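First comes the structure, then the notes that go with it.
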Amino acid sequence: MSGAALGIEIVVVFFLALFLLHRYADFRKQQRMVLFGTLLAWYLCFLIVFILPLDISTTIYKQCKIDHEEHPARRLYVPKFAYILTLCVFLDSVLKVCYKPWSYIPDGIMPVFWRVVYWTSQCLTWLLLPFMQSYARSGGFSITGKIKTALIENAIYYGTYLLIFGSLLIYVAVHPQWHLSWYELQTIGITAANTWGLFLLVLLLGYGLVEIPRSYWNASRRGHLLIKTYFKAAKLMTEKADAQENLEDVMEEVRKVQESIKYNHPLRKYIDTILRKCPVDYQEKMGRNMDDYEDFDDKQNTYPREKSLVKLHKQVIYAVQRHNRTRVQWLILLQQAMHLEDVAKNETSSAHQFVRSFPSTEPTSWLSRYFYTPTVEWYWECLLRHWFYRLLAVVLSLFSVAVVWSECTFFSTRPVLSLFAVFIQLAERDYNYLYIEMACFITIFFLCTCVYSTVFRIRVFNYYYLASHHQTDAYSLQFSGMLFCRLTPPLCLNFLGLIHMDSAISHQQKEQTAYTSIMGSMRVLSFIANGFYIYYPMLILLLCIATYFSLGTRCLNLLGFQQFVGDNEMTSDLIDEGKELIRRGLAPLELKPFDRGKKALVFSLCVCVCVCVWLSTKTTYAHCASPCCRHVPGRYLSMSSSRSRIFDDV
């Protein structure tokens, strides 16, 4: 099995990263360079998480051999008549204790593997992904134009790095007591990157350790998810109306430009490129108003410049993507509300049969037909799910308490106070490699879930937002790849400190993992190894307390950013508003049963009804080409400020 486990995990992790990328990105519309860069970044980060337990078990096996090689001389000082018997007992104990783990990786493989994975991910996060991010977001019409724009946008970014690095080199060169080698300079660079990642890691981890168990506990409360869905509906409709308005404004600019630049103008090819990015209905509308046989006037001086067309192209891409994303999210939210309302209705059913208000027209699978029957669905949705979520919340809460305690005490090696170090050392005595690997994997997976789930939830000013169902834009995909590459190495290094396998923190002379060896000796910067790496993670305790009492959410709510706060009057009003919006959206479905071919049309009508109601509540009348538009007096609360879309759950 030497190396087989490593090869299997490499393949499995690749398909895992590919599956997640397919969930968030659109393979048909996204640029190949964006997909490749994001997939590579996610893949390398997931590799670190999955392969590190194998490295730990292999290191424990090597430490076992070292420990037994140090004692044979003492054990063999016995009388001659007992020499053979003692030797047999000694060899038997060695064979029983120091056996190879099932996932043993031969010498020389792991250092090369970690060096390739780590440095590739660091080149991605600090050099390539920022450039690719600017390239994908650029509105240029040619590859050269996009590269030029990306270089200009990243000039300050790269210039800052060069300035800091150059300053450090000058300081080292003129300092008489410092004679740093290339290895030590490399270690300083790694330490700087890990320090930046650890700073952000603690903030995200402090939120996730509390919010993930609490989210499952709240999901176990009857009716809580439905109320929160109503709240999300009110907020989403605000964003949807804003996206619709923004799209119409941009399309109006496109219409004006394409009417001024005729078919034989030198810039007409750029207009055609912009028109191909517009929605089909807008393309048809603008095509009907275009006279292709009208020549342009050379004397006219109102033609836009190429730079303004590049800016307009960028606005069109963003507006169309945002409009499509909010439309799909609203359809998904309608379906979620339908399901949760059905659950609420079926909870009081005495027939113990789950009945849907709107039966699905999709063909049922054989699994649903024979196993997940209406009776099984009723017991799961109305009875078992609540208790399962409650039990899961309790288990995750205990795990979070163990992480917080270990983060505050992992610097103590005598006595050992870190719970994870205690568990690993107990398993190490019996050399139960399978238990060691499973315990390490579950712990790292839990830490990554707390951190990565926060990354997937957070959204800032609509510039960064990971939306499922293939609705994430290129900028957000690559930004997430940058965050993963910067957070994963310090997270795994922090975990090695929790289990006392990082000598820079535990100060123990033990065999180091191959992962720690490529990080170099942190003693080059003693104030980082003995100060920041030990005491800064204790801040997690304060962050967990702040998250438990929802201090951040309440502060944002006071500042005008609408958040889900149960005891707030504005939240109650938004819940009522969202309930009314869901009712209006589902109203067309209650008319009569519909076949599969009409399902998309009816859902589109639901979206149209809600958007038109929202647009008609503005102070000025909004224009809508749909016959479902009706002016409804009044103004919704969630339209009072557009700042509510800046922060979602964080």
Side-chain angles (χ1 to χ4, degrees), residues 13-14 16-48 116-162 165 189 193 196-197 200 273-274 277 307 310-311 313-322 324-325 452 455-456 458-468 470-489:
V13 171
F14 174 78
L16 174 62
L18 188 65
F19 169 76
L20 288 177
L21 183 62
H22 178 264
R23 175 176 173 81
Y24 286 91
D26 192 341
F27 285 180
R28 294 175 299 176
K29 297 181 180 180
Q30 291 286 4
Q31 300 178 15
R32 296 294 180 266
M33 182 184 66
V34 173
L35 295 176
F36 176 76
T38 306
L39 177 62
L40 183 60
W42 290 10
Y43 176 54
L44 294 176
C45 295
F46 295 163
L47 273 180
I48 298 177
V116 171
V117 170
Y118 179 78
W119 287 112
T120 304
S121 64
Q122 294 306 299
C123 289
L124 279 173
T125 186
W126 297 107
L127 298 176
L128 297 180
L129 283 180
F131 175 82
M132 295 166 61
Q133 202 174 22
S134 300
Y135 181 92
R137 193 175 52 175
S138 172
F141 298 100
S142 63
I143 297 178
T144 305
K146 288 179 177 291
I147 293 176
K148 181 180 178 181
T149 303
L151 289 175
I152 293 175
E153 289 184 358
N154 288 274
I156 300 177
Y157 186 81
Y158 294 126
T160 304
Y161 290 155
L162 291 176
F165 184 71
W196 189 97
L200 183 60
T273 302
I274 294 176
K277 303 294 178 60
K307 185 177 295 185
V310 170
K311 182 179 179 181
H313 187 205
K314 183 177 179 180
Q315 292 175 349
V316 168
I317 294 174
Y318 174 74
V320 172
Q321 200 280 333
R322 184 185 172 199
N324 293 336
R325 185 190 71 209
Y452 292 168
V455 173
F456 276 90
I458 195 173
R459 63 182 300 187
V460 182
F461 295 101
N462 279 324
Y463 289 106
Y464 168 73
Y465 180 37
L466 286 174
S468 58
H470 323 293
Q471 298 303 313
T472 306
D473 58 359
Y475 182 87
S476 299
L477 285 174
Q478 296 182 73
F479 189 76
S480 67
M482 291 168 55
L483 284 181
F484 285 178
C485 290
R486 297 180 188 183
L487 292 173
T488 305

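Here the structure is a predicted model, which is why all the values come from computation and not from measurement. Keep in mind that the numbers below use all heavy atoms, side chains included, and drop hydrogens, waters and symmetry copies.
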Walk me through whether Trp42 and Leu18 qualify under side chain to side chain contact (heavy atoms under 4.5 Å, CB included). CA-CA 9 Å; Trp42 290 10; Leu18 188 65; over 6 Å; no
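- Every residue was checked against the ring-ring contact (aromatic ring centres under 6.0 Å, His included) condition with Phe36, not counting sequence neighbours, and none meets it.
- Between Phe484 and Phe46, the two ring planes are tilted [angle within 30° to 60°].
- Remark: Arg32 engages no residue in a salt bridge (charged side-chain N to carboxylate O under 4.0 Å, His left out) (not counting sequence neighbours).
- Rounding to the nearest 0.5 Å gives a distance of 13.5 Å between NZ of Lys277 and NZ of Lys314.
- A distance of 11.0 Å separates CE of Met482 from CG of Leu128, quoted to the nearest 0.5 Å.
- Here the closest heavy-atom approach between residue Leu129 and residue Gly481 is recorded as CD1-C, 3.8 Å.
- Among pairs with a residue in residues 139-152, none fulfils side chain to side chain donor-acceptor pair (under 3.5 Å), at least two apart in sequence or across chains.
- Between Ala474 and Ala136 the shortest heavy-atom distance is CB-CB, 3.8 Å.
- Using modelled atom types, one side-chain atom of Ser121 and one backbone atom of Val117 make a donor-acceptor pair closer than 3.5 Å.
- Taking the side chain to side chain donor-acceptor pair (under 3.5 Å) definition, one finds that Thr38 meets it with nothing, sequence neighbours left out.
- Rounding to the nearest 0.5 Å gives a distance of 5.0 Å between CG of Leu40 and CG of Leu124.
- Summarising the geometry of His313 relative to Gly139, their closest heavy-atom pair is ND1-O, 2.9 Å, with the distance given to 0.1 Å.
- Taking every heavy atom of both residues into account, Val310 and Gly140 meet most closely at CG1-N, 3.7 Å.
- When every heavy atom of Ala150 is checked against every heavy atom of Asn154, the shortest pair comes out as O-ND2, 2.7 Å.
- A donor-acceptor pair shorter than 3.5 Å can be found between the side chains of Thr488 and Tyr452.
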Go through Tyr135 and Ile143 one step at a time and tell me if the side chain to side chain contact (heavy atoms under 4.5 Å, CB included) criterion holds. CA-CA 9 Å; Tyr135 181 92; Ile143 297 178; 3.7 Å; yes
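- Scanning all heavy atoms of the two residues, the minimum distance from Phe27 to Leu21 falls at CE2-CG, 3.8 Å.
- Between the side chain of Arg486 and the main chain of Thr125, a donor-acceptor pair closer than 3.5 Å is present.
- Listed by chain and number, the residues in a side chain to side chain donor-acceptor pair (under 3.5 Å) with Asp26 amount to none (sequence neighbours excluded).
- Considering CG of Leu35 and CZ of Arg28, their distance stands at 12.5 Å, rounded to 0.5 Å.
- In this structure, Phe14 and Tyr43 have perpendicular ring planes: the angle between them is above 60°, well past the 30° mark.
- Taken to the nearest 0.5 Å, the CG atom of Leu477 stands 11.5 Å off from the CD atom of Gln31.
- Side-chain atoms of Gln478 come within 3.5 Å of backbone atoms of Gln133 as a donor-acceptor pair (strictly under, hydrogens ignored).
- In this structure Gln122 satisfies the side chain to side chain donor-acceptor pair (under 3.5 Å) test together with Trp126, sequence neighbours excluded.
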